[in-house]
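This report refers to the structure that appears directly beneath it.
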Amino acid sequence: MGKIQVGDKHFIPFITAQLIRQEVDRIALEISRDLAGTRPVFISVLNGAFVFTADLVRRLRFDCQISFIKLASYSGSTSTGQVTELVGLNEDLTGRQVVVVEDIIDTGITMGKIIDILRGKGASEVRIAALLFKPDAFMGHFRIDYLGFSIPNEFIVGYGLDYNGLGRNLPDIYQITDES
Ligand code: 5GP
Ligand code: MG
């Protein structure tokens, strides 16, 4: 793993695919212990969470459903803090155990909004699974039930996360750098 360029920015290796795999294994184990038998609905937040979701759910050996939602709060390399409508959710969530699956929680604005909407749809409980968390940027009032990594407040790409649409396919996670 060496330094890479994505679009007009340079990135250095940050979290290896192997380390990600370990954490996804651990999260899958925790979720299995807590929620096997509740037939939960996993709601993956597109686009970024598609890789994490695919890896996570393939480690679960109990009945569950998987659905996808989409909303936009981000453009370029700084959060706009703006969240639009949630689209794509067709499941009836009344009385259901819900687990929202996110790639990264930054300010928490996106997730806060999603939680409100899902509770409004009658979910019995909404839990949060996030691969990455930026505690220094966080302004939310919710708990992250299942978390992979707490990371510094620096822009990252890879494993589903993009920079202007590029870099989602990288198996490892990279952090932005000023050096070129
Ligand atoms: P929040 O609403 O928590 O501030 O932002 C959450 C969303 O911002 C994430 O789902 C993700 O799409 C995007 N985001 C936050 N930090 C990063 C980052 O370092 N890299 C990338 N590619 N996206 C990020
Ligand atoms: Mg996301």
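Note that these values count all heavy atoms, side chains included, but never hydrogens, waters or copies made by symmetry. Just so you know, ligand 1 is whichever comes first in the structure, and atom 1 is the first atom listed for that ligand.
- At distances below 3.5 Å, not a single donor-acceptor pair connects side-chain atoms of Arg168 with backbone N or O atoms of Phe50.
- Within the set Gln175, Lys134, Arg168, Met139, the minimum heavy-atom distance to atom 18 (C) of ligand 1 is found for Lys134.
- Neither the backbone nor the side chain of Val157 has a heavy atom within less than 4.0 Å of ligand 1.
- Heavy atoms of Phe155 approach ligand 1 to within less than 4.0 angstrom.
- In summary, the atoms of ligand 1 found under 4.0 Å from a heavy atom of Thr110, numbered by their order in the structure, are 1 (P), 2 (O), 5 (O), 6 (C).
- When only interatomic distances are considered, the shortest N/O to N/O separation between Gly108 and ligand 1 falls below 3.5 Å.
- Salt-bridge formation is not detected for the pair Glu30/Arg33: no Lys NZ or Arg NE/NH1/NH2 atom is positioned less than 4.0 Å from an Asp or Glu carboxylate oxygen.
- For ligand 1 and Glu102, the ligand atoms under 4.0 Å from any heavy atom of the residue are 10 (O).
- Under the 4.0 Å criterion applied to side-chain N and carboxylate O atoms, Glu179 and Lys3 are assigned as salt-bridge partners.
- Ring geometry for Phe42 versus Phe62: interplanar angle of 30 to 60°, hence tilted.
- Applying the salt bridge (Lys or Arg N to Asp or Glu O under 4.0 Å) rule to pairs touching residues 143-153 yields Arg143-Asp145, sequence neighbours excluded.
- Under a 4.0 Å N-O distance rule, the pair Arg21/Asp55 does not qualify as a salt bridge.
- Heavy-atom proximity to Glu154, at under 4.0 Å, picks out these atoms of ligand 1: 19 (O).
- The Asp103 neighbourhood of ligand 1 comprises atoms 9 (C), 10 (O), with distances under 4.0 Å to a heavy atom of that residue.
- Residue contacts with ligand 1, taken as heavy atom pairs separated by less than 4.0 Å, do not involve Met111 at all.
- When each atom of ligand 1 is checked for a heavy atom of Asp162 under 4.0 Å away, the hits are 21 (C), 22 (N).
- At least one N or O atom of Thr107 sits closer than 3.5 Å to an N or O atom of ligand 1.
- Partners of Phe133 under the ring-ring contact (aromatic ring centres under 6.0 Å, His included) rule, at least two apart in sequence or in another chain, are Phe138.
- At distances below 3.5 Å, not a single donor-acceptor pair connects side-chain atoms of Thr177 with backbone N or O atoms of Phe11.
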